[in-house]
K.L.:
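The structure's right below; bear with me while I get my questions together.
Just so it is clear, the values below take in all heavy atoms, side chains as well, and ignore hydrogens, waters and symmetry mates.
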Amino acid sequence: QVRLKESGGGSVQAGGSLRLSCAASGYPQIMGWFRQAPGKEREGVASLDIIDGETKYADSVKGRFTISKDNAKNTLYLEMNNLKPEDTAMYYCAADFPGFPDVAYTSDYEAAPVGDWGQGTQVTVSS
């Protein structure tokens, strides 16, 4: 199990920038960022295959967000530029998840997202 701790969220005005960080305790094969807005499903934002370096982005953030990893610090980043009000959400760091951008959930009563997940960091963008 990989332990993940996010930081860097906050409140900004539209057009502003934020950088999210995710400190990892282990060495997963895939890491990524997901977000969940109130009343909406959790969705993938960006993913990074640690083995081959492949990145994937949701269409809504392409050209504005960049995912990267500092291997020396074992920390994942999400650089977010030109933020929009619709980017407002809780952002979660995740590792070793089975799919992107859709989130898989366990079939038991907990219906927890599959993989290792952080607690989340709030991003609020005002117009």
Side-chain angles (χ1 to χ4, degrees):
Q1 183 178 7
V2 179
R3 294 183 179 180
L4 305 165
K5 176 62 177 176
E6 305 97 334
S7 61
S11 297
V12 296
Q13 291 190 331
S17 299
L18 282 173
R19 187 177 78 160
L20 305 183
S21 300
C22 173
S25 65
Y27 298 93
Q29 296 186 357
I30 187 168
M31 297 185 73
W33 292 95
F34 293 73
R35 67 186 181 187
Q36 187 167 17
K40 294 188 176 181
E41 295 289 324
R42 190 172 299 192
E43 62 178 2
V45 176
S47 70
L48 171 65
D49 188 310
I50 305 302
I51 305 302
D52 63 16
E54 181 184 16
T55 58
K56 295 181 180 179
Y57 294 92
D59 288 341
S60 59
V61 306
K62 284 180 180 177
R64 300 189 297 122
F65 291 11
T66 302
I67 189 171
S68 63
K69 186 174 184 284
D70 184 327
N71 291 325
K73 297 180 179 180
N74 204 19
T75 298
L76 185 74
Y77 299 100
L78 184 68
E79 187 73 36
M80 305 185 294
N81 297 314
N82 190 22
L83 282 160
K84 303 176 180 181
E86 51 264 42
D87 294 319
T88 295
M90 184 70 78
Y91 282 71
Y92 297 91
C93 178
D96 289 336
F97 43 87
F100 180 89
D102 295 331
V103 178
Y105 293 88
T106 59
S107 58
D108 59 15
Y109 71 97
E110 291 186 0
V114 177
D116 298 314
W117 294 78
Q119 293 298 308
T121 184
Q122 179 68 36
V123 171
T124 302
V125 185
S126 59
S127 58

K.L.:
Taking atom CD of Glu54 and atom CD1 of Ile30, what is their separation to the nearest 0.5 Å?
P.N.:
8.0 Å
K.L.:
Please work out whether the ring planes of Phe34 and Phe100 are parallel, tilted or perpendicular, with thresholds of 30° and 60°.
P.N.:
perpendicular
K.L.:
Determine whether Met90 and Val103 fall in the same hydrophobic cluster, where Ile, Leu, Val, Met, Phe, Trp and Tyr are linked whenever their side-chain heavy atoms lie under 4.5 Å apart.
P.N.:
yes
K.L.:
Using every non-hydrogen atom in the two residues, find where Gly44 and Ala58 come nearest and quote the distance to one decimal.
P.N.:
O-CB, 3.4 Å
K.L.:
Look up atom NZ in Lys84 and atom OG in Ser126, then write down how far apart they are to the nearest 0.5 Å.
P.N.:
15.5 Å
K.L.:
Whether the Thr75 and Asp70 side chains hold a donor-acceptor pair (N or O, under 3.5 Å, no angle test) is what I'd like checked.
P.N.:
no
K.L.:
Can you give me the closest heavy-atom contact between Val123 and Gly9, atom names plus distance?
P.N.:
CG2-CA, 4.2 Å
K.L.:
For the residue pair Ala37 and Thr88, what are the closest heavy atoms and their distance?
P.N.:
CB-O, 3.7 Å
K.L.:
Is Tyr77 reachable from Val2 through a run of hydrophobic residues whose side-chain heavy atoms are each under 4.5 Å from the next?
P.N.:
no
K.L.:
If only atom types and distance count, is the side chain of Ser21 paired as donor or acceptor with the main-chain N or O of Gly8 below 3.5 Å?
P.N.:
no
K.L.:
So, taking the atom named OH in Tyr92 and the one named CD in Gln119, what distance separates them when rounded to the nearest 0.5 Å?
P.N.:
8.0 Å
K.L.:
Between Tyr105 and Pro113, which heavy-atom pair has the shortest distance, and what is it?
P.N.:
CD2-N, 3.6 Å
K.L.:
Regarding Asn71 and Lys69, is there a side-chain donor-to-acceptor distance under 3.5 Å anywhere?
P.N.:
yes
K.L.:
Nearest 0.5 Å, please: how far is OG in Ser25 from CD in Gln1?
P.N.:
8.0 Å
K.L.:
Go through the steps for Gln122 and Thr124 under the test side chain to side chain contact (heavy atoms under 4.5 Å, CB included), then give the verdict.
P.N.:
CA-CA 6 Å; Gln122 179 68 36; Thr124 302; 3.4 Å; yes
K.L.:
Check whether any side-chain heavy atom of Leu78 lies under 4.5 Å from a side-chain heavy atom of Phe65, and answer yes or no.
P.N.:
yes
K.L.:
Under the 3.5 angstrom rule, does the side chain of Glu6 hit a backbone N or O of Cys93 as a donor-acceptor pair?
P.N.:
yes
K.L.:
Taking all non-hydrogen atoms of both residues, which atom of Ala24 and which atom of Leu4 are closest, and how far apart?
P.N.:
CB-CD2, 3.8 Å
K.L.:
Report the distance from atom CG of Leu76 to atom CE of Met31, rounding to the nearest 0.5 Å.
P.N.:
4.5 Å
K.L.:
If you look only at pairs with a residue in residues 26-42, which of them pass as a side chain to side chain donor-acceptor pair (under 3.5 Å), with sequence neighbours excluded?
P.N.:
Arg35-Glu43, Arg35-Ser60, Arg35-Asp87, Arg35-Tyr91, Gln36-Arg42
K.L.:
Are Val125 and Val45 connected, step by step, through hydrophobic side chains (Ile, Leu, Val, Met, Phe, Trp, Tyr) whose heavy atoms are closer than 4.5 Å?
P.N.:
yes
K.L.:
With rounding to the nearest 0.5 Å, note down the distance linking CG in Leu48 to OH in Tyr57.
P.N.:
8.0 Å
K.L.:
Can any side-chain N or O of Asp108 pair as donor or acceptor with the backbone N or O of Ala111 at less than 3.5 Å?
P.N.:
yes
K.L.:
So which heavy atom on Ser17 is nearest to which on Val12, and how close?
P.N.:
O-CG1, 4.0 Å
